[in-house]
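A quick write-up on the structure given underneath.
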Amino acid sequence: MGKPTQPQRADGVEAAGGASAGMAGDGPEAMEGNGPARRPRVVLGVSGGIAAYKACELLRRLTESGHDVRVVPTAASLHFIGEATWAALSGNPASTEVWESVHEVPHVRIGQSADLVVVAPCTADMLAKAAHGLADDLLTNTLLTARCPVIFAPAMHTEMWEHPATQENVATLRRRGALVIEPAVGRLTGVDTGKGRFPDPAEIFETCRRVLARGPLGLTQDLAGRHVVISAGGTREPLDPVRFLGNRSSGKQGYALARTAVARGARVTLVAGNSELPDPAGVDVVHIGTAVQLREAVLKAAADADAVVMAAAVADFRPAAYATGKIKKKDGQEPEPVALVRNPDILAEISADRPRPGQVIVGFAAETDDVLANGRSKLTRKGCDLLVVNEVGDHKAFGSAENEAVILAADGAETPVPYGPKEALADTVWDLVTPRLPTPQPSSTPPTS
Ligand code: CTP
């Protein structure tokens with residue numbers, strides 16, 4: 001696993017010493033400074049977009065999970081949600097200007113003492129101000145004085161998001177080490193639909209938790225400029241319009257990989273099979289049903305990917321024939337046996353013939369017996385670089401929020417990951433992937449729309 005390094009911002013400014021949460025827990029880790037442990041301090045910046053009302057839910061989740069939140073709205077955002085709402089929900093004063101409580105020097109102190117700043121929603125105007133270092137209100141001052149991780153969750157109309165000015169501002173902020181979450185695609189204000197939608201607040205909350213859980217490492221986006229493809233969930237192989245062959249995969253491990261990759265700055269494509277989990281914030285999710293569809297989606301996304309992680313439980317077989325009408329019982333007759341055919345082995349295929357030279361391929365092995373021995377032979381058989389071997393069975397791994405595993409590397413290294421949240425295992429996978437990544441190429445930088 002990677003060792004924590006001295007926090008250093010991409011622009012060379014040293015980070016504040018206070019933020020040092022441990023890795024991955026469910027609640028917030030108490031922050032250890034020189035004094036007694038304290039609640040993590042989060043600044044929630046709210047800029048003037050209609051999605052400001054969704055930030056109330058983000059605030060609620062942050063406070064209810066034990067974070068000390070200070071809301072800093074812009075004057076424009078107060079058209080949507082008033083100061084009283086922010087103050088009541090956060091239990092802290094909410095001010096927009098630097099001229100209030102001047103003796104406390106809020107324009108400097110709020111940013112300096114934060115463990116995390118999240119601007120949600122973030123307008124095109126706020127992205128521009130942040131990128132250019134303007135400081136004409138309390139939020140923009142806070143952004144200049146913060147030495148902790150900063151997350152921007154943009155929400156705007158598609159045209160504004162795609163405009164080269166906005167895209168250049170986003171690129172500038174990312175280059176400096178900020179985490180700019182890709183907006184979701186979907187219904188916008190009014191009748192419009194497109195990219196620019198505010199992601200699910202519950203998922204932005206998860207991103208905040210992931211970044212905070214990385215402590216000082218939250219300042220280093222070691223997957224910035226990288227495209228990673230993750231498959232998750234289970235495939236379903238239809239037999240007739242009402243029946244399928246499936247498996248018990250919940251998708252939690254693959255979704256945890258997607259969330260942790262976003263928190264580390266990656267552009268993420270998640271190929272998701274039959275999972276009921278909400279789309280993670282900032283992730284391009286491709287929903288599929290069958291193994292054949294999964295193969296097609298993974299191969300397409302993998303063409304410019306730096307890493308592919310196959311966490312999906314892919315059905316090895318599918319019914320040889322699909323009945324277009326429901327298969328009915330026939331009185332007095334035994335059912336016909338179901339003939340099966342093999343599905344393609346996607347992991348073996350992309351390991352042998354990598355869609356992009358040098359890309360890192362990671363597989364998962366779900367085993368019930370002789371777990372390590374089976375894992376080692378599977379690593380050789382599949383030809384991938386890393387194989388996450390975990391034991392499955394009743395009450396183990398499937399559907400659980402926790403997991404334990406051993407990660408086997410093609411070079412012989414073995415990394416045991418103790419029982420813990422699937423996010424912790426996911427972070428260890430990325431710790432092992434990053435040093436193996438190919439030299440970045442221009443094609444792997446984030447898209448301009
Ligand atoms: N996998 C795949 N295509 C398949 C089957 C599995 O890409 N048709 C991938 C899975 O996503 C996982 C890895 O291969 O990353 C191992 O999956 P697992 O089910 O453990 O292994 P199998 O190849 O199915 O082998 P077996 O069932 O014999 O253990």
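Atoms within each ligand, like the ligands themselves, are counted from 1 in listed order. The first residue of the sequence shown is numbered 1, and numbering continues consecutively from there.
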Problem - Under-4.0 Å salt bridge between E182 and K195 - result: yes

Practice task
Identify whether the distance between the nearest side-chain nitrogen and carboxylate oxygen of D68 and R38 falls below 4.0 Å.
Solution key: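 Looking at R38 together with D68, the answer is no, because their closest N to O distance does not fall below 4.0 Å.
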
Is the shortest N/O to N/O distance between [X] and ligand 1 below 3.5 Å?
X: S231; answer: no
X: K382; answer: yes
X: A313; answer: no
X: G363; answer: no
X: V314; answer: no

Distance from [atom] to nearest protein heavy atom, with residue and atom:
atom: atom 28 (O) of ligand 1; answer: R381 NH2, 4.3 Å
atom: atom 19 (O) of ligand 1; answer: K378 NZ, 4.5 Å
atom: atom 17 (O) of ligand 1; answer: F364 O, 3.5 Å

Exercise for the section: Verify the neighbour count for atom CD of E296: are there more than 12 heavy atoms of other residues, nucleotides or ligands below 6.0 Å? Expected result: no

Handout entry: Derivation of the side-chain contact (heavy atoms from CB on, under 4.5 Å) call for R210 and R264
Key = CA-CA 9 Å; R210 295 313 330 135; R264 295 168 80 139; over 6 Å; no

Handout entry: Side-chain touch T324/P241, heavy atoms, less than 4.5 angstrom
Key =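 When only atoms from C-beta onward are counted, P241 and T324 do not touch, as no gap falls below 4.5 Å.
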
Handout entry: Check: Y255 and V283 side chains under 4.5 Å, non-hydrogen atoms
Key =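 Sidechains of Y255 and V283: no contact.
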
Practice task
Scan residues 312-323 for pairs that pass salt bridge (Lys or Arg N to Asp or Glu O under 4.0 Å), counting only residues two or more places apart or in two chains.
Solution key: none

Those atoms of ligand 1 less than 4.0 Å from some heavy atom in [X]:
X: D345; result: 2 (C), 3 (N), 4 (C), 7 (O), 8 (N)
X: L347; result: 2 (C), 7 (O), 9 (C), 13 (C), 14 (O), 15 (O)
X: M310; result: 7 (O), 11 (O), 12 (C), 15 (O)
X: P344; result: 3 (N), 4 (C), 8 (N)
X: I346; result: 2 (C), 3 (N), 7 (O)
X: D316; result: 4 (C), 5 (C), 8 (N), 24 (O), 27 (O)

Handout entry: Proximity winner for atom 11 (O) of ligand 1, if only heavy atoms of A366, G254, A312 are counted
Key =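 Among A366, G254, A312, the closest heavy atom to atom 11 (O) of ligand 1 belongs to A312.
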
Handout entry: Option from R267, Q359, R356 for which side chain to side chain donor-acceptor pair (under 3.5 Å) with D304 holds
Key =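 Considering R267, Q359, R356, a side chain to side chain donor-acceptor pair (under 3.5 Å) with D304 is found only for R267.
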
Practice task
For D369, check salt bridge (charged side-chain N to carboxylate O under 4.0 Å, His left out) against everything at least two apart and list the hits.
Solution key: none

Handout entry: T235 vs E237, side chain to side chain donor-acceptor pair (under 3.5 Å): CA-CA, chis, key distance, verdict
Key = CA-CA 7 Å; T235 62; E237 310 300 325; 3.1 Å; yes

Exercise for the section: Say whether A365 and ligand 1 are in contact under the criterion: heavy-atom distance to a ligand atom below 4.0 Å. Expected result: yes

